Amino acid sequence: QIAKEITAYIREQVELGKALAGKIEDEDKKRAILGVCSAMEHILPQVIMLTKDVITNPNDEKLKEEFKSLKVTLASASK
């Protein structure tokens with residue numbers, strides 16, 4: 001259930017981002033927003049798998065590191 005909620009939330013954010021990008025005239029800002037949207041779509045399957053794994057193994061340090069890696073991926077996409 002949690003994975004489904006996270007999936008729905010991320011997809012909603014991607015759609016909002018795309019809608020916002022469609023209203024922006026500044027090409028650099030538009031490209032940045034669309035880049036983040038693309039990165040979110042790209043990592044969504046990993047987020048779902050990691051969410052399920054963390055629920056099963058909440059103290060697994062390797063899983064925590066994988067989440068940090070995903071966070072870095074998103075952060076770099078927004079620059």
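Predicted model, so just to flag it, every value in this text is computed and none were measured. FYI, side chains are in, hydrogens and waters are out, and symmetry mates aren't considered; it's all heavy atoms of this structure.
Counting side-chain heavy-atom gaps under 4.5 Å among Ile, Leu, Val, Met, Phe, Trp and Tyr, M49 is found in no cluster with other residues. Other residues sharing a hydrophobic cluster with L16 under the 4.5 Å side-chain heavy-atom criterion for ILVMFWY residues do not exist; the residue is a singleton.
Under a hydrophobic-cluster definition in which Ile, Leu, Val, Met, Phe, Trp and Tyr are linked whenever side-chain heavy atoms come within less than 4.5 Å, directly or via other members, V14 and I33 are assigned to different clusters. Both L50 and I6 sit in one connected hydrophobic cluster of ILVMFWY residues. Membership requires side-chain heavy atoms under 4.5 Å apart, directly or through other members.
Applying the side-chain hydrogen bond (donor to acceptor under 3.5 Å, both in side chains) rule to pairs touching residues 40-60 yields K18-E41, sequence neighbours excluded. Evaluation of the side-chain hydrogen bond (donor to acceptor under 3.5 Å, both in side chains) test over residues 7-16, restricted to residues two or more places apart or in two chains, returns none.
With values rounded to the nearest 0.5 angstrom, C37 atom SG is found 12.0 Å from I10 atom CD1.
Residues that satisfy the side chain to side chain contact (heavy atoms under 4.5 Å, CB included) test with S38, not counting sequence neighbours, are absent from this structure.
With respect to E65 and K62, no salt bridge is recorded, no charged nitrogen being found less than 4.0 Å from a carboxylate O.
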Please report, to 0.1 Å, the donor-acceptor pairs under 3.5 Å made by any side chain of residues 23-30, with sequence neighbours excluded.
from, atom 1, to, atom 2, distance (Å)
D26, OD1, D28, N, 2.9
D26, OD1, K29, N, 3.0
D28, OD1, R31, NH2, 2.8
K30, NZ, I24, O, 3.2

